[in-house]
Amino acid sequence: VWTVDNFEQISEKNTQLIQASLWIKKDEVVAFPTETVYGLGGNALSDQAISRIYEAKGRPSDNPLIVHIAEEGQLKELAAEIPEKARILMENFWPGPLTIIFPKGIKVSSKVTGGLDTVAVRMPDHPVALAFIKACGVPLAAPSANLSGKPSPTSAGHVFDDLSGRIPGIVDGGQTGIGVESTVVDCSVDGAVTILRPGGVTKEQLEEALGSEVGLDPAFTEKEAAPKSPGMKYTHYAPDAPFVLVDGSREFIQSLVDKARAEGRRAGVMTTAENEKFYNADAVIPAGERSRPETVAAALYDTLRTFNEAKVDVIYGEVFPKTGVGYAIMNRLEKSAGGNIVAENK
Ligand code: TXA
Ligand code: MG
């Protein structure tokens, strides 16, 4: 683990980052912090590094990776063209939690893109990530640095728990800020902009920057549609115990807890600071404050992981309004639940 402190002033000359970058130069993989979640980085232009990423995560190879850059100049060797709307989004949201899908350039291996003819690129807004990419001197392909299927890592400790012994090292930059992954938008099709994965940048923000409407991948609203972002079809963000998302009152959630406990099962509730005191269960863990959804996003994955330590048999979770970052929070919770959603009959 390479620990970097005082990183507001960090540069690519930092000795810790240079040491970590030596592994990247050997086509190995290293975990590093971004403003969303930790990424597992490897040289985006090396097939061997890409294979190592998939292997370390246990990730299906048809699920493409995001390529991370530190300077706009690096986009030239990755994208075949930069559509007008993509340019506007880059100006407004880079560096930041927005991943843009471009037509793929010829230098990009199909291993990075899972065989697609498009490539996902983002410039992260984290001083350590930017300095690390510069120290490596190449764009870094990086999925979230968790074992495939687990909640994404928001601290170096989470990465360690999942990948210790599987990767040579972790650049530790503390807790990540945003806590949910970047928004993925497709700009590769005729002037349209479509959200493939909701995230740190909201639909409202995208529409304001573009001055026009932004589409949503039909997979979000139609049960039958195949998602355009391959990663959206896999089980994700799952804690060890079954997670049940409950669209209902606190009293209703408590009744589900009581029923589980009467059957001899240990039950947990994933709640918020405002509601914590109303529940009586084997583990009651707040993920941020309901009145400030960005705090819920920041705490979400850590809270899901904490339930594993609480050794519960079932977790009941509260729902959130699907506006702003709440849309991304609900997207992740629905995936954690794997369709296990209960609604109160009102
Ligand atoms: O915030 C983030 O985006 C983090 C940090 C590390 O940057 N990364 C991340 O990567 O979440 P990952 O691999 O866990 O998720 C990448 C998502 C997947 O859903 C994948 O299917 C989609 O992006 N994706 C990548 N390339 C794509 C492409 N060419 N077309 C459509 N979807 C793509
Ligand atoms: Mg991921």
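Count residues from 1 along the sequence. Treat the numbers as computed from the prediction; the structure is a model and nothing was measured. Whatever order the structure lists them in is the order used to number ligands and atoms, beginning at 1.
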K.L.:
Under 4.0 Å between a Lys/Arg side-chain N and an Asp/Glu carboxylate O for Glu181 and Arg332?
P.N.:
yes
K.L.:
Apply the salt bridge (charged side-chain N to carboxylate O under 4.0 Å, His left out) test between Asp162 and each candidate in Lys150, Lys57, Arg305; give the one that qualifies.
P.N.:
Arg305
K.L.:
Quick one: does ligand 1 sit under 4.0 Å from the side chain of Asp186, the backbone, both or neither, non-hydrogen atoms only?
P.N.:
neither
K.L.:
Number the atoms of ligand 1 from 1 as they appear, then name those within less than 4.0 Å of a heavy atom of Ala120, with their elements.
P.N.:
25 (C), 26 (N), 27 (C)
K.L.:
In ligand 1, which numbered atoms sit nearer than 4.0 Å to a non-hydrogen atom of Leu116?
P.N.:
28 (C), 29 (N), 30 (N)
K.L.:
Specify side chain, backbone, both or neither for Glu35, according to which of its non-hydrogen atoms lie closer than 4.0 Å to ligand 1.
P.N.:
neither
K.L.:
When you check the gap from the basic side-chain N to the acidic O, do Arg261 and Asp282 get nearer than 4.0 Å?
P.N.:
yes
K.L.:
With under 30° as parallel and over 60° as perpendicular, where do the rings of Phe32 and His68 fit, or are they tilted in between?
P.N.:
perpendicular
K.L.:
Is any side-chain N of the basic residue among Glu289 and Arg292 closer than 4.0 Å to the acidic one's carboxylate O?
P.N.:
yes
K.L.:
For ligand 1, which atoms, with element, lie under 4.0 Å from some heavy atom of Pro143?
P.N.:
10 (O), 12 (P), 13 (O)
K.L.:
What part of Lys104, side chain from CB on, backbone N/CA/C/O, both or neither, has a heavy atom under 4.0 Å from ligand 1?
P.N.:
neither
K.L.:
I need the contact type for Ile66 against ligand 1. Using non-hydrogen atoms and a strict under-4.0 Å cut-off, is it side chain, backbone, both or neither?
P.N.:
side chain
K.L.:
Quick check on contacts: which atoms of ligand 1 are under 4.0 angstrom from a heavy atom of Thr118?
P.N.:
28 (C), 29 (N), 30 (N)
K.L.:
When you measure from the side chain of Lys203 to the backbone N and O of Glu207, does any donor-acceptor pair fall under 3.5 Å?
P.N.:
no
K.L.:
Any idea which atoms of ligand 1 are less than 4.0 Å away from a heavy-atom of His68?
P.N.:
5 (C), 6 (C), 7 (O)
K.L.:
Check Thr113 against ligand 1 and report side chain, backbone, both or neither, counting heavy atoms closer than 4.0 Å.
P.N.:
neither
K.L.:
Please determine which of Glu77, Met123, Glu71, Lys107 meets the side-chain contact (heavy atoms from CB on, under 4.5 Å) test together with Pro139.
P.N.:
Glu77
K.L.:
If the cut-off is 2.8 Å, does any N/O/S atom of Ser144 fall short of it from the Mg ion (ligand 2)?
P.N.:
yes
K.L.:
Flag this pair as yes if the NZ/CZ of Arg250 is under 6.0 angstrom from the six-membered ring centre of Tyr279 and inside a 45 degree cone about the axis; otherwise no.
P.N.:
no
K.L.:
Taking only heavy atoms of Leu196, which atoms of ligand 1 are found under 4.0 Å from at least one of them?
P.N.:
31 (C)
K.L.:
Taking N or O atoms only and a 3.5 Å limit, does Arg59 qualify as a polar contact for ligand 1?
P.N.:
yes
K.L.:
Out of all atoms in ligand 1, which are within 4.0 Å of some heavy atom of Gly39? Include the element for each.
P.N.:
6 (C)
K.L.:
Would you indicate which of Glu181, Lys57, Arg197 comes nearest to atom 17 (C) of ligand 1 when only heavy atoms are counted?
P.N.:
Arg197
K.L.:
Under a 4.0 Å threshold between the charged nitrogen and the carboxylate oxygen, would Arg290 count as salt-bridged to Glu274?
P.N.:
no
K.L.:
Can you name the one residue among Thr36, Thr99, Thr34 that meets side chain to side chain donor-acceptor pair (under 3.5 Å) with Ser182?
P.N.:
Thr99
